[in-house]
Asks: 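First the structure, which I've put down as structure tokens, then a few questions once you've had a look.
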Amino acid sequence: AGDVRRTLAAGTLCVLFAGLLLGRGLPFALLASTFVFLFTTAFSWPQWRAQGSLLRKLPLTLVISLLACFAIAWLFESVFLVRLP
């Protein structure tokens, strides 16, 4: 049951990001950062809560998601020469 729930959650987040939000006028960096943050938080929350490290891990996840989205945007635009929405 847990695996099915996790798979549905991952699929839902991916469809929301790529299928419904991307290309609708919002900046790619904002959408990508939000997606990475929500995805990481959703699947790490139980472990963080059990460890008692929520207050430390959430800001770290936010920083990592921001760095990741800018790295991804740079890679696509500068290396692959793809114009992002």
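Counting from 1, the numbers follow the sequence of the chain as shown. Only this structure's heavy atoms are used, side chains among them; waters, hydrogens and symmetry mates stay out. This structure is a prediction, so every number in the text was calculated from the model and none was measured.
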Asks: Enter the distance from L16:CG to T12:OG1 here, rounded to the nearest 0.5 Å.
Replies: 6.5 Å
Asks: Test: ring-ring contact (aromatic ring centres under 6.0 Å, His included). Region: residues 5-28. Which pairs qualify, not counting sequence neighbours?
Replies: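 Residue pairs with at least one partner in residues 5-28: F17-F35.
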Asks: If you compare all heavy atoms of T41 against all heavy atoms of L58, which two are closest, and at what distance to 0.1 Å?
Replies: CG2-CD2, 3.8 Å
Asks: Same cluster or not: L21 versus V82, using hydrophobic residues (I, L, V, M, F, W, Y) connected whenever any side-chain heavy atoms lie under 4.5 Å apart?
Replies: yes
Asks: Is there a path of hydrophobic side-chain contacts, each under 4.5 Å between heavy atoms of I, L, V, M, F, W or Y residues, that connects V36 with W74?
Replies: yes
Asks: With clusters defined by side-chain heavy atoms of hydrophobic residues (ILVMFWY) lying less than 4.5 Å apart, directly or transitively, does F37 cluster with W45?
Replies: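 Yes.
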Asks: Using the test side-chain contact (heavy atoms from CB on, under 4.5 Å), find all partners of S33 that sit at least two apart in sequence or belong to another chain.
Replies: S65, L66, C69
Asks: Side-chain donor-acceptor pairs under 3.5 Å in residues 47-56, sequence neighbours left out?
Replies:
from: Q51; atom 1: OE1; to: S53; atom 2: OG; distance (Å): 3.4

Asks: Would a hydrophobic clustering, with Ile, Leu, Val, Met, Phe, Trp and Tyr connected at side-chain separations under 4.5 Å, put I72 with L26?
Replies: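 Yes; L26 is reachable from I72 via cluster members.
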Asks: Please round to the nearest 0.5 Å and tell me the distance separating atom OG1 of T34 and atom CZ of F39.
Replies: 14.5 Å
Asks: Working to the nearest 0.5 Å, report the span between CG of L13 and CG of L8.
Replies: 11.0 Å
Asks: Might you confirm whether atom CZ of F76 has over 12 heavy atoms from other residues, nucleotides or ligands at distances under 6.0 Å?
Replies: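 No, CZ of F76 has 12 or fewer neighbouring heavy atoms, counting only those of other groups under 6.0 Å.
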Asks: When rounded to the nearest 0.5 angstrom, what distance separates CG in L31 from CG in L22?
Replies: 6.0 Å
